[in-house]
Amino acid sequence: MLYREALNRALDEVMSADDSVVTLGEDVGLYGGSFRVTEGLVEKYGEKRVIDTPIAELSIVGNAVGMAIGGLRPVAELMTGNFSLLAFDQIINHMAKLHYMSNGKIILPMVVRFPQGVSRQLAAQHSESYEQMLSAVPGLRVLSVNDVNYAYHALKYAILSDDPVVFIEHELLYNKKGEVDFAQKLDPFQARIAKEGSDITIVSYLKMVDDVMLAVPEIEEALGCSCEVIDLCSLNPIDYETLIESIQKTSRLVMVEEDHKTGGYGAQIISWAAEEMFYALDAPPLRLAGEDVPVPYNRSLELSSIPTPESIAQDIIAWGKNNEL
Amino acid sequence: MSYEIVMPQLSDSMDEGKLISWKVKEGQKVNVGDVIAEVESDKAIMELQSFQNGVVAEIRAKEGDVIPVGEVIAIIEANESESPVKKSEKVVKEPSPVKREKAPVQKPQPKPAVTKETKPKIALSKHHPDDETGGISPKARAKAAQYGVDTQTIVQKTSKELLHVKDVEAYLREHYFTPKALSLLDKYGLDIASFALNHKIDETEVQEFIDKNETPLPQPLTQMQKAIIANVTASAQKPVYHLYEHIDAQLFLEHDAYSITAWLIKIFANVMMTHEAFRSRLQNDRLIISPNASIAVAVADAKNLYMPVVKDANKRAIADIAKELASFKTKLQEKSFSAQDMQGSSFGISNLGMLGVEPFDAMINKNDAGIVAIGGLKDGQISVTLTADHRLINGYEAALFMQDLKQEVQNPLQFKD
C-alpha cells in the first residue's frame, strides 16, 4: 500500500463510520486531490461531505473551524504548506486557541492536512516547511509521520481526536510503499524506533528518516558502530521518554531535518538535550539541516540546499571521527 | 525515421507511471494530437498524445505495466515529409506541438563536489580544547568527578586533545588495577565500579572479592550447547499435544537379553510402518514421508544431549539395534558423534525409565513428527507419553497408534531375536 493510499483508506473508513466527518479543500472532490489522497471519496460520500473549495486558504481553514464549532469533524486539505500562510490567522488565532479562550466550552475536533517540503524543482514558493512555526503554537497537535502504517493509524487518530491537529505530510512520501497492520493499536504521539542501535542516536522526521536510513549502512561501516534511528512522528507533543532512553544508551545525538537550520525545529531537540541530557552526552550533538536560503529551483542547487543521504553519511562520519567514535 | 515514445513525467514527483490502456494498435496510423494511451501518474490519469504523424511501429509496454519515467513504451515510424518536428522528440502531454526540452528522468544525482565548499564545515575545532576547561565530554567529566579524578591528569597522561568517557574508564582501569587484576576482572565480567578506587588493586584483592561474593564464572557456550538451545527453542514453538498411556511390561521382562529401549525401538518401528504420519517430517514447507521407520534416540549424560538416529529400524534385527545403541554410548563418552549420526529421523524416543522417572513429556527433535517419553517400570506397567506435532499427526491417528502399540507389546511375535 502506498502512503497516499493509507491516508485515503483512513479517511474513507472514518467517513464511512461517522457522518460528521467531512473533508474540504482545493480539488479534493472532482479531481481527487492534488496528491490523490481524497480519490474516490466524492463519488462515495457526495459533494456535501467532500467539498471543493475556492482558491482561498483562509476560508478553507476558517470554514473548517466553523464546522468544528458546529459539531462536525472537518479534515481540511491545504494544497501545499506555502499556501497555508494565508490561513495562519485561522490556524493560530482560532483553531489553536478557541478551546482555551472559551474556557473549554468550544471543542475543535478538526484536522488540517498539510503537504510540504522540498519536492522536485517546485522552487522557493512551493518548497517550504513550517513545522517550526506550527509546533510553537500551544493548543495544536502536530503530527508528521514517515511510516505508511503510521500514516494510516495517525490520520484516523487525528480525525477522531477532539484536539485540533495539523497533520504534516511530505510531498515525496505519497508514493512510499509499506505494509499496514490494520488491527494494530498504536499511539501516534509515541516516537517510532526505525532502527535499533547502540552508539549514535539519530533523530529525524518525515522524509529525512528515509534519507537517514539510506545513509546508515555507510556510517556504520565507516565508523564501525551501530546507529539508532528515531522517527519522532509527533512534533508536538514530543516523546522525550524514547529520546532519553536512547541517548542514555548511546551518549551521542544527531538531529537531521530538511528545513532551514536557523530557528528550525531540530533546535528544540538539541536545546532540550543540552539542558536535560548534558551529563549523558559523550560528544557535542550534531545538527544537520537545510541551508538558510530560499530553496533553489535548479536541481543541483536544490539538492545541495538540503541534507541528502550522501551528505548525511559524510557529515556524520566526519563528526564521528572527530569524536573518536 | 522512427521516434520513441517514452513514459512521460507528468508531475514533478513522478518516478514511474502505470499504463492504463492503449488507444492505438501496432500498424495503426496516428496524427499529431491523437490520443495514443492513458497513463496514471502519482496524481491522476492522463491522456498521452502523439507528437508525430506516422504509424505505430511497435508497442513495448502492456496495459497494467508500471514503467519508470523515460522508458520507451512504443515506437512511431514517422512520415518524414509530414513530420512537424525534424529532430527526435518525446511525446508530451500538451495537445499543441510545443517543443518541450525536459530532461527525461531526474534521478537524484550525487551532490556535485562544489557544494562541499559552499556548505559550512561542521565547526568541530572550536569545541576543541586549548585551555583547561575544554575538550572533555560532559559524560567523561561526570565520570571523572564521580571517582574524584582530575581530568587534567588524564589529559596529560593520554596527551589527547579530547576526552571521552572511554578515556576516563581506561585511565581508572590502568591507574587502579594491576594487569593481572584486570584480566581477572574481565574474565568474571566485573565492573570496576564494584571496587573502592583509592589504591592499586591487585589480583589477590579481586580474587577475594570474587570468593566473598561467590561471583559465578561466566562460561562461553559450546557450539553444541548453542545447537541444543536453538533446537529446543524451535521445538517449543510447535503446536504439540500429549497422550498419556501405559503399556504392559511383561514381555520386556521375559526378554531381558536386550534393553527395554532396544525392544521399544524395534516395536515402535514396526507400528510406525502402518502409520504413515509417524514417518513424516516437515522440511522446507514440504512433507517428507520415509518408506522406513528411522528413530532418534535421546542419549545424554549430565552435560551433553544428542539425538542419534537408528536408521531403518523396521528392517533391522534386535541384536543389530542393541549393538547400535551400545555404539551410541561409546560415542557419547568419546564425544565422537558425527552430523551424519543425527540425520534422517521422523520420530524420537527418550527413555528416563532407568532413572525411575514416572510420566514425563519430551520435546520433539528438530523436524520430527513426534516423540515418546518412556518412564519407569511400575506395577508391571511402563508409562509412555506421546508428544505429537499436530501439523503432522492428528489426535485420532495418534490414539490409533497408541492402541496398536499397546497391542503389539503384548504380541510375542514382536520379541523374536
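All figures in this text were calculated on a predicted structure; none of them were measured in a lab. All chains are named by letter (A, B, ...) in the order of the sequence lines, taking the proteins before the strands, and each is independently numbered beginning at 1.
Taking each heavy atom of B/L162 and A/E324 in turn, the nearest pair found is O-OE2, 3.7 Å. Between A/A283 and B/S137, the closest heavy-atom pair is N-CB, 4.2 Å. Here the shortest heavy-atom pairing between A/F278 and B/P138 reads O-CB, 2.8 Å. Closest heavy-atom contact between B/K139 and A/A280: CD-O, 3.4 Å.
Under a 4.0 Å N-O distance rule, the pair A/R120/B/D15 qualifies as a salt bridge.
No more than 12 heavy atoms of other residues, nucleotides or ligands lie within 6.0 Å of CD in A/E245, so this atom counts as exposed by the packing criterion. Other residues, nucleotides and ligands contribute more than 12 heavy atoms inside 6.0 Å of the CD atom of B/E63. Enclosure of atom OH in A/Y279 is not indicated, since only 12 or fewer non-hydrogen atoms of other residues, nucleotides or ligands lie within 6.0 angstrom. A 6.0 Å sphere centred on NZ of B/K18 holds no more than 12 heavy atoms belonging to other residues, nucleotides or ligands. More than 12 heavy atoms of other residues, nucleotides or ligands sit less than 6.0 Å from atom CD of A/E43. Counting non-hydrogen atoms of other residues, nucleotides and ligands closer than 6.0 Å to CD of B/Q146 gives a total above 12. For CD1 of A/I55, the number of neighbouring non-hydrogen atoms (other residues, nucleotides, ligands) closer than 6.0 Å is 12 at most.
Residues A/R36 and B/E40 form a side-chain contact, since some pair of their non-hydrogen atoms from C-beta on lies under 4.5 Å apart.
Atoms CG and CE, on A/N175 and B/M14 in that order, are 9.5 Å from each other to the nearest 0.5 Å.
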Determine, stepwise, if the pair A/D282 / B/H164 fulfils side chain to side chain contact (heavy atoms under 4.5 Å, CB included).
CA-CA 6 Å; A/D282 202 24; B/H164 292 91; 3.4 Å; yes
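Using a 4.5 Å cut-off between heavy atoms, A/E5 makes no contact with chain B at all.
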